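Here the structure comes first, spelled out in structure tokens, and everything after it is commentary.
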2 protein chains.
Amino acid sequence: MRRPTSYDVARAAGVAQSTVSRCFRDDGGISGDTRARVHAVAAELGYTPNAVARSLILRRSNVVALIVTDFTLRTNPHVIDGISQALNAAGKRLLLMTVSGDNDVAGAVVGAMEYPIDGLITGALIGDENLARFLARGVPVVSLNRRVDRARVDCVATDHATAAGEVADLLYGAGLRDFLCMTGPVDSAVNAERVDGFEARMRERGGARVARCVSGAGYDEGRAAFAAYVARHGRPEAVFCANDQLAFGVMDACRHDLGWRIPEDVAVVGFDDLPEAARPAYRLTTVRQQFEEIGRAAIGLLVRRIAAPEAPARTVLLPGQLQRRASTL
Amino acid sequence: MRRPTSYDVARAAGVAQSTVSRCFRDDGGISGDTRARVHAVAAELGYTPNAVARSLILRRSNVVALIVTDFTLRTNPHVIDGISQALNAAGKRLLLMTVSGDNDVAGAVVGAMEYPIDGLITGALIGDENLARFLARGVPVVSLNRRVDRARVDCVATDHATAAGEVADLLYGAGLRDFLCMTGPVDSAVNAERVDGFEARMRERGGARVARCVSGAGYDEGRAAFAAYVARHGRPEAVFCANDQLAFGVMDACRHDLGWRIPEDVAVVGFDDLPEAARPAYRLTTVRQQFEEIGRAAIGLLVRRIAAPEAPARTVLLPGQLQRRASTL
DNA sequence: TTGTAGGCGTTATCAG
DNA sequence: CTGATAACGCCTACAA
């Protein structure tokens, strides 16, 4: 019932505790003979090195903390999967902390701060002063999909603005001039980059009208907000949505609430390329984010920074890949 | 850069280290005066108690490990969200370990075993002997959606069999007699419970034919496998799918690959009630699993068992809620 | 109410 | 190649 320690193994194997320790780290200086005996005894006793004691002395835990909003967890689990797999490959563990709508961030930060974590990956806004606290402790920080202008904070993100510009080109090129952007929540930096990128390109091209509609981040919010918008302002020629969930909501509003055809009456574009986007129900033109790749890149940045803590901050910008489907001409 | 310790705080505040320790545990026997001073100094120094050192001496870490397959992570993130939120509420941390298709389970088990975790929640098959190792260490284990016949292993699951029986009643009651079950992968115990429950009820009712079609677990697999099946065996009257993703695949195969109408030509039922199931694209009759509630219940069981380690094993069976929609008559 | 001291299970440095 | 032994940072009797 009590967990066996290296002392227990040492006693049973007739060696010193330090010898057991060495055997479990493949320290090198160990005769094959004692090595085998120690491992045999350990297996019999069910001994596993105590990661906590190891972390205490090494001052690092092999654990990486990931802070994400529950919305991200529910709608982009692929990012988390990518991170998790990359961490497995790197022999590190994942401490997952979810925050509800940028709320209870404080608790997550405190939690992460109590551990000697090898690194922090954050997909949620944790605030500048919190960021500073991690950096002050020498904890490498990687920001997901959000630029952070700060020394030693690496960043991995889809190039939202450029991709949104391509979306703008596509629609503009099709002769459309009257646009609506479903921005999602106002405080989402990611969504803002997308919408701003779209608008910027439209301004360059000239002669287009771009309206904005703010809403919650999800399907239902998008569907309702869009319906309410068009009730007051009429039908735009095309709708650019800050994410696919919003786009699904808009499409369903068009077809099922308003009786409009897509793309004949209105074109719709999303962002993310969730699996559903490609399916017959939507065939949504959207921008693919390489979710798994984002996860892998984040771990790559982390590992590099652990090796070179003072290296200049890097940003890995992954291109978004425009997927043309039947929701646009 | 070096993390401040309670000694640093003690020195700066002019008290003993043990006093600092007490202040951070609200130990009681501390004068409000020193308490305030210590906290002030700690804040200034940026001191946070080291969870690792605490875990070492307390022999528990306030960390709960969760082992799930990557498929679960991607398709049922709500369960994980529920667990995460319940853990937040309970003041515990989540160590997330994903395994790919019941593969690399060994690594996850080793990882979890190295920590003095407060409990283990597993949604993946980790094997009987591994289970035994955790139990031998007195680590509470909760199994998700999978019955485990073992003393002290608690379990929280949807009542798959009963719910599947209700599905059978619904279809049988509509006069249908020729069924196909999309089982998903053969080795999935959860899916098996659902399909078995469906078949059992059909046997009770009598006069029905129930065929099975094995496939992978996801949308594409279901869509392809169903199309291949009907090419050889013709059209069933109704299809019961072991999960919603399979059902979406089947529905799209029917409408877009085969040109069949739902439910006129074939009825389709799923299991899970993912958000998409309710949307106009599918309107899928399915069984709602209370994902968040599953997560909460798992933590509840864990907390209870930590308080009473030797209590008899409990199973929390959550009823599945049949959602009748337009994919059935 | 506060201080002293031993121990939690490792790793790592020195000797031997 | 192996064995002592001092940390690592905190908790907790016990003593004052």
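To find a chain, count down the sequence lines: A is the first, B the second, and so on, and within it residues start at 1. Remember, it's a predicted structure, so these values are computed and weren't measured experimentally. Worth knowing before you read on, the calculation uses all heavy atoms, side chains too, and leaves out hydrogens, waters and symmetry mates.
Between the P atom of D:dA7 and the CG atom of B:N50 lies a distance of 18 Å, rounded to the nearest Å. For the pair B:R3 CZ and D:dA7 P, the computed distance is 20 Å after rounding to whole Å. The nearest whole Å value for the distance from the CZ atom in B:R37 to the P atom in C:dT1 is 15 Å. Counting to the nearest Å, the C1' atom of D:dC10 and the CD1 atom of A:I57 are 14 Å from each other. Rounded to whole Å, atom C1' of D:dC8 lies 17 Å from atom OH of A:Y115. Protein atom CZ of A:R54 is 17 Å distant from nucleotide atom C1' of D:dA7, rounded to whole Å. As a whole-Å value, the separation of B:R60 CZ from D:dC11 P is 12 Å. With rounding to whole Å, B:F24 atom CZ is found 18 Å from D:dT12 atom C1'.
Nucleic acid contact class of A:T34 (heavy atoms, under 4.0 Å, all strands): sugar-phosphate only. Residue contacts for B:V20: at a heavy-atom cut-off of 4.0 Å it reaches no nucleic acid atom on any strand shown. Within the 4.0 angstrom heavy-atom criterion, only backbone atoms of the sugar-phosphate kind lie near B:T19; the bases stay farther away. Among the heavy atoms of the strands, none lies under 4.0 Å from B:V52.
With B:L66 as the fixed residue, the side-chain contact (heavy atoms from CB on, under 4.5 Å) test singles out one of B:T98, B:L95, B:I83, B:V79: B:I83. A salt bridge (Lys or Arg N to Asp or Glu O under 4.0 Å) with B:D118 is found for one member of B:R93, B:R60, B:R59 and no other, namely B:R60. A side-chain contact (heavy atoms from CB on, under 4.5 Å) with A:L120 is found for one member of A:V142, A:N130, A:I126 and no other, namely A:I126.
Here C:dA5 is the nucleotide among C:dT10, C:dA12, C:dA5 with the atom lying nearest to any side-chain atom of B:S18. Across C:dT10, C:dG3, D:dT2, the shortest atom-to-atom separation from the side chain of A:S6 is found for C:dT10. Listed nucleotides C:dC14, C:dT4, D:dG9 differ in distance to A:R22; the shortest reach to its side chain belongs to C:dC14. Across D:dA7, D:dT12, C:dG7, the shortest atom-to-atom separation from the side chain of B:R25 is found for D:dT12.
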| said: Checking A:Q289 against A:T158 for the side chain to side chain donor-acceptor pair (under 3.5 Å) test, could you report, in this order, the C-alpha distance in whole Å, the side-chain angles of both residues, the deciding distance, and whether it holds? | reply: CA-CA 6 Å; A:Q289 282 204 80; A:T158 297; 2.7 Å; yes

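Residues B:G14 and B:A53 each lie close to DNA chain C; by heavy-atom proximity, the contact nearer the 5' end of the strand is made by B:G14. Toward the 5′ end of DNA chain D lies the nearest nucleotide of A:Q17, the other residue of the pair A:Q17 and B:T5 mapping further downstream. Annotation: of the two residues near DNA chain D, A:R59 and A:I30, the 5′-most nearest-nucleotide partner is A:I30. Place B:D33 and A:P4 on DNA chain C by their nearest nucleotides, and B:D33 ends up nearer the 5' end.
Ion pairing of B:D154 with B:R314 is absent here, as no side-chain N (NZ or NE/NH1/NH2) approaches a carboxylate O to less than 4.0 Å. A salt bridge links B:R2 with B:D8: the distance from a Lys NZ or Arg NE/NH1/NH2 to an Asp or Glu carboxylate oxygen falls below 4.0 Å.
For A:Y47 and C:dT10, the shortest distance from a side-chain N or O to OP1 or OP2 is below 4.0 Å. The phosphate of C:dT11 has OP1 or OP2 within less than 4.0 Å of a side-chain N or O from A:S21.
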